[in-house]
Amino acid sequence: MALKSPVVFGVLSRLSRRSFSSSKALFSKPVTVRDALNQAIEEEMERDERVFVMGEEVAQYDGAYKVTRGLWKKYGDKRVIDTPITEMGFAGIAVGAAFAGLRPICEFMTFNFSMQAIDHIINSAAKTFYMSAGAVPVPIVFRGPNGAASGVAAQHSQCFGAWFAHCPGLKVVMPYSSEDAKGLLKAAIRDPDPVVCLENEMLYGVPFPMSDEAQSNEFVLPFGKAKVEREGKHITVVCAGRATDTALIAANELAGKGIECEVINLRSLRPLDFDTIARSVAKTHHIVTVEQGWPSCGIGAEICARLMESSTFFELDAPVWRVTGADVPMPYATTLEALALPRPPDVLAAVTGVLGARIDQASAQ
Amino acid sequence: MSKIIPSAAKLFAANTVSKSVSPAVSTNKKYSTKSEATFQIKPFKLHKLESGPATSATLTAEDALKLYERLAILRRIETASGNLYKEKIIRGFCHLYSGQEAVAVGMRAAMRDVDSVITAYRCHGWTYLMGVSVLGVLSELTGRRTGCSRGKGGSMHLYSKNFYGGNGIVGAQVPLGAGVAFAHKYRGDGGVCFALYGDGAANQGQLFEAYNMAALWDLPCVFVCENNGYGMGTSVDRASASTDYYSRGDYVPGIWVDGMDVLATREATKFAIDYCTKGKGPLVMEMETYRYSGHSMSDPGTSYRTRDEVQEVRQTRDPITSFKDKILTNNLATQEQLKEIDAKVRTEVDEATKQAKSEPEIGVEELSADIYYNCVEENIRGILPNAPMKHLEVVARK
Ligand SMILES: Cc1ncc(C[n+]2csc(CCOP(=O)(O)OP(=O)(O)O)c2C)c(N)n1
Ligand SMILES: [Mg+2]
């Protein structure tokens, strides 16, 4: 099920020479995103008796994508619970348990199946604290792989970032690296509100260096704080999750042409760290957004709107371009699938286009 | 056969094609010596039904060969699919039907042209039985233009006339099937819809909503639970508080069927069609069966069950071997005839496999084709704002 990704080789090839702004110096051994998530869950289960994991195949099978590997052996049936394939039911049960003070981690085998349960995510989890005037907090985490996978066609390949980021009451994170994954998931589990953690199957197997600090069991990342993955003065490139990989590969290439991109990995989609974006745009005066989701009412659209609504608008020297998933359901055929998702040359074209300032001059590749 | 209602019998007879089948009685040793035989079927279990399907079935030599050929071709298609996956020509998920062939083949043999089917992702065999060529199936799996979905759907999303897929979301096909049945009733065309789902899907809430409305409105819907023992890595008793799936419609009557016996599935389906076409409302059928491969190609299928368990089913309950034994010992077919069929099936699937590998994919302009029946926007946005795509109409609009 876990598919080997061709995308990740870019990450691998850069692994040794990349610097991480939030990391303190020394890199210990590389850790895969899967292991980082696994560490996060295990550490939080160790730390807090109320934390438990529920979902399909999470226990005896070690997780469909092996994120929960070993946890059932360690914590047993009480805290690592295999459910039937009944998302609406177990999401509801998890939310109810959170009402009553437990700290469920509700795994969706993939977020495609969270659509079966979206009523409980939005109507039960996101709104109850508000509706009860603060009487009923809902400390739950909904997590699992999100976004395009490889060769699995329209029903199994889509990004729900914008869907969940739309809803007040939810916090939404989208980790890219292993540090992101560990720090954000741990923060999510400790958080008193419902958090949706949108992981990516294609990144699970990718190793990233992790600082000593990130290896510690007290490492958490704040919500609503983006990470500047790479500093640059010519143009701001905002991305999250796997799109960060695409952006970084493009930025690397552009650097060779003398164009320095400032790559901002959002880490959380809600709250959205607009301050970091604004600060960057005040320096670069140009911006491109990169996401895998569809363009309509997407994350890029939201960033554009915030630019328009703020004084940062006056910093812009050129219109913003969004690099998005194509506005089509995901096809299965290899060549078509590749054309449905942003790739580094698309980011390159967008950067060139925006820096060229004239929208009709840039060439799409 | 004797017990089934005349109308179904007639339609069934009309359904049996005799094209390439040799004369049943012949002086030539090569051909079978008997024209028909009667078989006992493992008793059906009934839920809220006074009488069930016929427990003895008459099989003609002609039908025997036809059923055998279909069983064989389904198995062969899956073997080819498994190989194509290992060669990395089929990508993503690929769920094989091997072990479960008797369910689809028996059902199809009883179905009439007016009936319809919807199933989940384990759909390659059904697609073939519903009229798509082996090439149409295999080249969908390889994502090529000759695929029945032009390569856009892949292994989980195959369709044909009266066959509504090929669905990737567990359980979703069940209310959809009830909706197809609703349309049969609305139109008054006399058709019945078969909505197939797994033992895992059987727990989904939407099934129970569909049961309820189907019963309220007397929809001609047969809810067919293919109980293959596992939903991914979870055995039935770890997922279902009651594993008597045939009784889980509560107020919807149900039948348990030996899903490894193609005659049992055929007789049960005749009964179901008769029942539903009499306006009695829906029926649940549990087909007890087994899947040999892992859940999908990436699951070795050995961590949650033993190799011995799989071996034992293969040796004692295999739907093809057991049917073969039956028709041979009853002289409905000879070894030579079956060998001939095997050879024919092998050639057909091998040739289709070769072509499914060499066909091209559809052109990239079809990325933005057929998103809408009637697209009212001039352009479809691509990845960049300056690279709009045209919405193409590839399939003919009526
Ligand atoms: C709503 C939903 N949840 C989870 C999945 C992932 N999934 C795909 S198949 C499957 C197991 C289904 O088992 P079963 O219904 O018994 O059918 P079988 O595979 O045995 O034919 C699961 C969990 C899905 N596709 N859709
Ligand atoms: Mg099953």
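Below, each value reflects all heavy atoms present in this structure, side chains not excepted, and no hydrogens, waters or symmetry copies. Below, read A as the first sequence line, B as the second, and so on, with proteins coming before strands; counting in each chain starts at 1. Bear in mind that the values here come from a model prediction, so they are computed numbers and not experimental data.
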Is any side-chain heavy atom of A/Arg322 closer than 4.5 Å to one of A/Cys304? yes

Quick check on the interface: out of B/Gly143, B/Gly200, B/Gly168, who has the most heavy-atom pairs with chain A under 4.5 Å? B/Gly168

Residue selection (most heavy-atom pairs with chain B, distance under 4.5 Å) from A/Leu341, A/Ile85, A/Val347, A/Asn112: A/Ile85

Just wondering, are more than 12 heavy atoms of other shown residues or ligands nearer than 6.0 Å to OH in B/Tyr372? no

Could you check whether A/His156 and A/Phe113 have their ring centres less than 6.0 Å apart? yes

Give a yes or no on whether the ring-centroid distance for B/Tyr121 and B/Phe93 is below 6.0 angstrom. no

What about B/Tyr164 and B/Tyr159, are their ring centers closer than 6.0 Å? no

Measure A/Glu87 against the heavy atoms of chain B and call it side chain, backbone, both or neither at under 4.5 Å. both

Looking at B/Val364, B/Ile169, B/Val170, B/Ile380, which makes the most heavy-atom pairs under 4.5 Å with chain A? B/Ile169

Using a 4.5 angstrom heavy-atom cutoff, name the option from A/Ala326, A/Gly325, A/Ser296, A/Ala340 with the most pairs to chain B. A/Ala326

Determine, using ring centers only, whether B/His295 and A/Tyr61 are less than 6.0 Å apart. no

Structural part of B/Thr142 lying under 4.5 Å from a heavy atom of chain A: backbone

Do other residues, nucleotides or ligands put more than 12 heavy atoms under 6.0 Å from the CZ atom of B/Arg397? yes

Hey, which of A/Thr334, A/Thr86, A/Thr335 has the most heavy atom pairs under 4.5 Å with chain B? A/Thr334

May I ask you to check whether over 12 heavy atoms, not counting those of B/Glu87, lie within 6.0 Å of atom CD? yes

Side chain, backbone, both or neither: which part of B/Glu361 has an atom under 4.5 Å from a heavy atom of chain A? side chain

Most contacts with chain B, counted as non-hydrogen pairs under 4.5 angstrom, among A/Val290, A/Asp327, A/Thr324, A/Val288: A/Thr324

Is B/Ile371 in contact with chain A via its backbone, its side chain, both, or neither, using a 4.5 Å heavy-atom distance? side chain

Looking only at A/Gly89, A/Ala333, A/Ala154, the option with the highest number of non-hydrogen pairs under 4.5 Å against chain B is A/Ala333

Heavy-atom proximity to chain A below 4.5 Å, by part of B/Thr234: both

Six-ring centre of A/Tyr65, A/Arg34 cation under 6.0 angstrom, axis tolerance 45°: no

A/Pro329 versus chain B, the contacting section by heavy-atom distance below 4.5 Å: side chain

Cut-off 4.5 Å, heavy atoms of chain A, and the answer for B/Leu207 is neither

For B/Arg238, is it the side chain, the backbone, both or neither that has a heavy atom under 4.5 Å from a heavy atom of chain A? side chain

Is B/Lys354 atom NZ crowded by more than 12 heavy atoms from other residues, nucleotides or ligands, each under 6.0 Å away? no

